[in-house]
Amino acid sequence: MTGVAENHNTSLPPKEAGLFKRLLKMYEQKQYKMALKIAKQILSNPKLADHGETLAMKGLTLSYMGRKEEAYEDVKRGLKSDLKSYVCWHVYGLIQRGDKKYEEAMKCYVNALKIDKDNIQILRDLATLQVQLRDLEGFRDTRYRLAVLRPSQRSHWLAYAVALHLQGELPLAIKVMEECRKLAHPEKREDCDVEYGEYILYQLELMMEAGSFPEAIEHSLRYESYVFDNVSLLENRVKAYLASGKKKEANEVLFTLLDRNAENWKYYQDLSFPTDSAENLLEFCKEMQKSKPSARTPKKIPLTLTQGDEFRILVRSYLTQGLQKGLPALFNDIKLLYKEPSKASIIEEEVFKILDMEKSRSSQVSPQTSSDEDLPASTLLWTYYFLAQHSDQKRDYIKALEYVDLAIEHTPTLVESYSFKAKIYKHMNRLVEAADCMDEAQSLDTSDRFINYKTGKYLLRANLVDRAETILAKFTREGMKASENLCDMQCFWYMIESARALNRLGKVGEALKILHVIDRVRRLNYWPP
């Protein structure tokens, strides 16, 4: 809630002036009934029945109580009574903004500033609207005025730098951030806080965007000890080194980053090697496997660089480890390899070998004779699950259903099996069965928001709008229809899917109503068409 610009009102007698200050306090504390009572008390004085600022505050209070028509009537009366009051103009702007009439609100703020040009609260509200309406030039000018009025508050200088950044005035933004950094510079290194480190990182980002790479490198080295987010600093330094052609220095920083996080694929891509990069990268990955045995990325990258028998050995090990650990995302992890038919065939052969081995193991080994060295019992489950995904990728949906049913038979409580079965039905265009299957998955874990969302989406695609609303109501505001709450929250996936479902059901009017809401939000936020 935005505060109201205070006016030390001299037109009110001492008693009413005290009440007016209390009225402002009650409004700020959201005690609207008490604020309304005080406003009526002031206006009950026959000499103050048309007091502009009190009427304006009464209207603002009524607007937060949902009495919009009365609110506009009182605010307009107040403004008519005192056109030279910046409080009245500010309040009128607040009400307009509350109703999403942003351009009208901005005009009110401008009129208020004509009366009191240095009012901090009104300038802040104006800046917020300017950036929302993409008036970047006006946003820059307003932020500059705020910075000049409060030069010791570095938050204003930071906002001014952001405004310059949005306008593309990068050299000036860098200079402003340097002054901002100086204001925040601690006397002792021990007194440095996270905020100061973020100033340094933002200044570094501006330098990178401006193409000042040597300055960016020097900046990152000079202030490294002040930055808490060391990873971001090093990543930017790598970009600066690479842009400057300093591959050796970039490699040294990348080795440090890989030692901290061996899973980041981008670090491997940025490494530079003197000769054949593919062969050298393969050797480097082997070294990383030794130093970081639990990391999966050094094992995954060689799968993209090898062929034939070498690929077969590597992918067999990769699949076995993934299935043993029970990784649901294992298939998605290697899905990129299916672009090469030869690799897809090898993967299929190796998974079937693992399946045969697991079937044989499960038939021979009883719980009494099993040992700690045996593969986990869930390996067979995840092998079925992987083969269902594999068959779905090949568009062999009948086989995919067979394997996912085997997975469900093995472990009837696994949510992933039911949700993937729904996905197979969706690919077969059997949308009602897909929705029923996803609903069954949701019943196994009613607290999972993602499964809840997927169930609602599948039900809408099957034109089961009422069932979808019942499911989605579990995570929306109580006492309010799910459809209304989701539209208020601008949940666009729901609005689009709901409009499509209503259109398919022949309820064109209701579908158009939802689409008009989407269009209005787009226009209010100035999205590109």
Side-chain angles (χ1 to χ4, degrees), residues 1-12 17 20-21 23-25 27-28 50-61 63 71-72 74-169 172-173 175-177 179-180 183 526:
M1 180 180 67
T2 305
V4 179
E6 289 192 23
N7 183 11
H8 298 289
N9 203 302
T10 56
S11 63
L12 287 172
F20 189 81
K21 287 182 180 179
L23 165 60
L24 289 175
K25 185 178 180 181
Y27 166 77
E28 294 289 348
D50 291 325
H51 184 252
E53 294 181 4
T54 305
L55 283 166
M57 283 305 303
K58 180 187 173 187
L60 183 60
T61 304
S63 73
Y72 272 101
D74 282 335
V75 172
K76 286 177 181 177
R77 268 184 63 204
L79 192 57
K80 188 177 179 180
S81 299
D82 194 353
L83 279 170
K84 292 185 179 180
S85 167
Y86 65 83
V87 172
C88 292
W89 281 110
H90 187 208
V91 167
Y92 193 31
L94 291 175
I95 289 184
Q96 297 273 21
R97 194 184 76 174
D99 287 341
K100 298 181 176 140
K101 299 175 183 177
Y102 300 128
E103 291 182 349
E104 295 299 320
M106 193 157 68
K107 290 176 185 177
C108 293
Y109 293 158
V110 170
N111 285 332
L113 288 169
K114 287 177 183 177
I115 301 164
D116 185 6
K117 64 179 181 179
D118 294 336
N119 190 290
I120 298 294
Q121 184 62 57
I122 300 173
L123 283 168
R124 281 176 177 168
D125 289 344
L126 176 62
T128 302
L129 276 185
Q130 285 170 329
V131 74
Q132 186 165 347
L133 294 174
R134 311 300 191 267
D135 179 12
L136 300 181
E137 190 174 345
F139 176 61
R140 177 199 62 193
D141 295 341
T142 304
R143 276 297 166 189
Y144 178 69
R145 286 172 66 185
L146 281 164
V148 170
L149 287 169
R150 293 287 188 274
S152 61
Q153 291 186 14
R154 57 180 184 263
S155 60
H156 291 317
W157 289 109
L158 175 62
Y160 179 47
V162 171
L164 291 167
H165 186 188
L166 292 171
Q167 273 288 88
E169 300 178 36
L172 184 54
K175 290 180 181 178
V176 171
M177 278 308 301
E179 295 304 314
C180 190
L183 280 173
Y526 279 65

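What you are looking at is a predicted structure, and each value in this text was computed from that prediction instead of being measured. Along the sequence shown, the residues carry numbers beginning at 1.
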Quiz item: By side-chain contact (heavy atoms from CB on, under 4.5 Å), which residues pair with Lys114, not counting sequence neighbours?
Solution: Val110, Asn111

Practice problem: Of all the heavy-atom pairs spanning Leu79 and Cys88, show the shortest one and how long it is. | Solution: CD1-CB, 3.7 Å

Quiz item: Taking side chain as C-beta onward, heavy atoms only, is Leu23 less than 4.5 Å from Phe20?
Solution: yes

Quiz prompt | Evaluation steps, side chain to side chain contact (heavy atoms under 4.5 Å, CB included), between His90 and Gln121 | solution = CA-CA 9 Å; His90 187 208; Gln121 184 62 57; 3.9 Å; yes

Quiz prompt | ring-ring contact (aromatic ring centres under 6.0 Å, His included) involving Phe139 - partner list, sequence neighbours excluded | solution = none

Quiz item: Are the side chains of Tyr27 and Leu60 in touch, meaning some heavy atoms are under 4.5 Å apart?
Solution: yes

Quiz item: With a 4.5 Å limit on heavy-atom distance, are the side chains of Leu149 and Leu123 in contact?
Solution: yes

Self-check item: Heavy-atom pair with the smallest gap, counting every atom of Ile115 and Lys84
Solution: CG2-O, 3.3 Å

Exercise. Enter the distance from Arg97:CZ to Cys108:SG here, rounded to the nearest 0.5 Å.
Key: 12.0 Å

Quiz item: Which pair of non-hydrogen atoms, one from Ala112 and one from Ile122, has the smallest distance, and what is that distance?
Solution: CB-CD1, 3.8 Å

Quiz item: In Å, rounded to the nearest 0.5 Å, how long is the span from CE of Met177 to NZ of Lys175?
Solution: 15.5 Å

Quiz item: Should Arg77 and Tyr72 count as side-chain neighbours, where that means a heavy-atom distance under 4.5 Å?
Solution: no

Quiz item: Is the shortest heavy-atom distance from the side chain of Leu55 to the side chain of Val75 under 4.5 Å?
Solution: no

Quiz item: By side chain to side chain donor-acceptor pair (under 3.5 Å), which residues pair with Tyr160, not counting sequence neighbours?
Solution: none

Quiz item: Quick one: are Leu166 and Val131 in side-chain contact, heavy atoms under 4.5 Å?
Solution: yes

Quiz item: Which pair of heavy atoms, one from Ala173 and one from Ala161, lies closest together, and at what distance?
Solution: CB-O, 3.8 Å

Exercise. Return the minimal non-hydrogen interatomic distance between Ser63 and Ile95, and the atom names on each side.
Key: OG-CG1, 4.2 Å

Practice problem: Nearest 0.5 Å please: distance from the CD atom of Glu53 over to the OG atom of Ser85. | Solution: 3.5 Å

Exercise. Kindly indicate whether the side chain of His51, heavy atoms from C-beta on, has any atom under 4.5 Å from the side chain of Ser81.
Key: no

Exercise. Kindly say whether Pro151 contributes a backbone atom to a donor-acceptor pair with the side chain of Trp157 at under 3.5 angstrom?
Key: yes

Quiz item: Is there side-chain contact between Leu146 and Gln153, with heavy atoms separated by less than 4.5 Å?
Solution: no

Practice problem: Measure from the side-chain N and O atoms of Arg134 to the backbone N and O of Gln132, and report whether any donor-acceptor pair falls under 3.5 Å. | Solution: yes

Quiz item: Counting only N and O atoms by type, is there a donor-acceptor contact under 3.5 Å from the side chain of Asp99 to the main-chain atoms of Lys101?
Solution: no

Self-check item: side-chain contact (heavy atoms from CB on, under 4.5 Å) partners of Lys107, counting only residues at least two apart
Solution: Glu104

Practice problem: Mind jotting down which residue pairs meet the side chain to side chain donor-acceptor pair (under 3.5 Å) criterion with at least one end in residues 135-145? Sequence neighbours excluded, please. | Solution: Gln130-Thr142, Arg140-Glu169

Quiz item: So how far is it from Tyr109 OH to Leu126 CG, rounded to the nearest 0.5 Å?
Solution: 8.5 Å

Self-check item: Counterpart residues, side chain to side chain donor-acceptor pair (under 3.5 Å), relative to Arg124 (two or more places apart)
Solution: none

